[in-house]
J.: 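My structure is below; once you've seen it, I'll send some questions.
Lettering follows sequence order; numbering is per chain, from 1.
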There are 2 protein chains.
Amino acid sequence: MKSIFQYFQLYNSLSKEAENAITEICSIIEIKKNQELQTFGHTCKTIYYINKGTARIYYYKDGIDITESFAFENNIIARVESLFTGNPSRKAIQILEDSEIVAINATQLFKLYDTYPEIERLFRKIFEVAYVDTVNRIEGIQFHSAEERYNALISEEPNILKKVPLKHIASYLGITQVSLSRIRAIK
Amino acid sequence: MKSIFQYFQLYNSLSKEAENAITEICSIIEIKKNQELQTFGHTCKTIYYINKGTARIYYYKDGIDITESFAFENNIIARVESLFTGNPSRKAIQILEDSEIVAINATQLFKLYDTYPEIERLFRKIFEVAYVDTVNRIEGIQFHSAEERYNALISEEPNILKKVPLKHIASYLGITQVSLSRIRAIK
DNA sequence: CTAATCCTTTAACATAAGATAAATAATTAC
DNA sequence: GTAATTATTTATCTTATGTTAAAGGATTAG
């Protein structure tokens, strides 16, 4: 469990005490491909960091499986629409490759915010950047064609095709799998 | 300048000292319809609160004016993709009705975070909720038809038609003005 | 290793939305 | 109040993506 603190360092440096306090509320999960890390219907009280592997957040809309987002090695994944509101999540987190995940107990983390402003600041900054990424993604969705979005995704995340089935990429891009197949066939 | 603190109260209560510190870094702007509150190209260092009026964030994509978001009375508006990264913003803020705006100096605000953890917490929570709204908006864009998105917008913000030209609503919805006209004609 | 299941592609047809142009309608400037 | 400008609608044609169905590949379970 070293690299999570390297990741944190990118946002805000922490005192040794703060690092120890965080370590105490983390656990490591080894989990296999296609398993559900978290399922539907409960209020999300965990933030995950991916040491190794790949995951996605997804939900069902009219019975169809829709991928909201992917997360890859050395990144955070959380169902923020539940974590930050306390509402039960309609979304689940599925593992897409055999993974090693750090689970951060968010209930306890939020308590640490009172004792360690540096920890509150760290997560404030992490989620500010995630927020900016989401704002930028809207721009991509609204004014690029499906083909442009696909190409952009591949160049941002060149290994995604090895890690993630195309059907999940299609729903993430907001198109059907048939459309994605057509787009790929053009090349 | 009363209602901004009522708004803050929804997120986190502040001590009198913290309120005073914030008041010191705020100024009130009276600004007329169609004026630009902030223009393109500079790093965004201001967070705005709308006491009265309406505003939008917009940018040009291939020469076409695109509305990224609207903000109405008693809400915050900021170009977060610049504010949180320090990058110059490609976006501008335009006033859509004669407005009264509170401008919060973000550079000084971020300094207050060191002295007043309660202020850092306040803005953390404000932007967490804004982040959640943005995540939910992606869901709307990706899996609803333009007609559904239009109807949803009207029911969320019934007065928008009195405040905002349809062309801005069209680009916000991710469609052309001609398509929006067609959708409205069906009824 | 084989069968069963799941994933991806291809084809044919349907439809929503884009592009362009022109006609009205509404607003703004003088 | 009128002209000029800007916003909105309507019409026509085009195109990207959706829908459904079926076939071919790949992966998984036993």
J.: Please confirm whether the shortest side-chain N or O distance from A:R184 to OP1 or OP2 of C:dT9 is below 4.0 Å.
T.: yes

J.: Check each of A:K45, A:K91, A:R79 against A:Q38 using the side-chain hydrogen bond (donor to acceptor under 3.5 Å, both in side chains) test, and report the only one that passes.
T.: A:R79

J.: Judged by each residue's nearest nucleotide on DNA chain C, which is more toward the 5′ side, B:G174 or B:K33?
T.: B:G174

J.: Would you say A:S179 reaches D:dG18's phosphate, i.e. side-chain N/O to OP1/OP2 under 4.0 Å?
T.: yes

J.: Under 4.0 Å, heavy atoms only, any strand: does A:T176 hit a base, just the sugar-phosphate, or nothing?
T.: base

J.: So, A:E139 side chain and A:N136 main chain: donor-acceptor pair closer than 3.5 Å or not?
T.: no

J.: I need the CD-P distance between A:Q177 and C:dT9, as an integer number of Å.
T.: 7 Å

J.: Would you compute the distance between atom CZ of A:F8 and atom CD1 of A:I126 and round it to the nearest 0.5 angstrom?
T.: 5.0 Å

J.: Starting the side chain at C-beta, find the nucleotide from C:dA17, C:dT8, C:dA11 nearest to A:V178.
T.: C:dA11

J.: Nearest-Å distance, NZ (A:K32) to P (D:dA29)?
T.: 12 Å

J.: Between B:H144 (NE2) and C:dA17 (C1'), how many Å, whole number?
T.: 18 Å

J.: Output the single nucleotide from D:dA21, D:dT9, C:dG18 whose closest atom is nearest the side chain of B:S181.
T.: D:dT9

J.: Taking the side chain of A:I175 as its heavy atoms from C-beta onward, which of C:dC7, D:dT8, D:dT17 lies nearest to it?
T.: D:dT17

J.: Identify the residue among B:K167, B:Q94, B:R56 that makes a side-chain hydrogen bond (donor to acceptor under 3.5 Å, both in side chains) with B:T67.
T.: B:R56

J.: Tell me which nucleotide among D:dT19, D:dT8, C:dA17 gets nearest to the side chain of B:K167.
T.: D:dT8

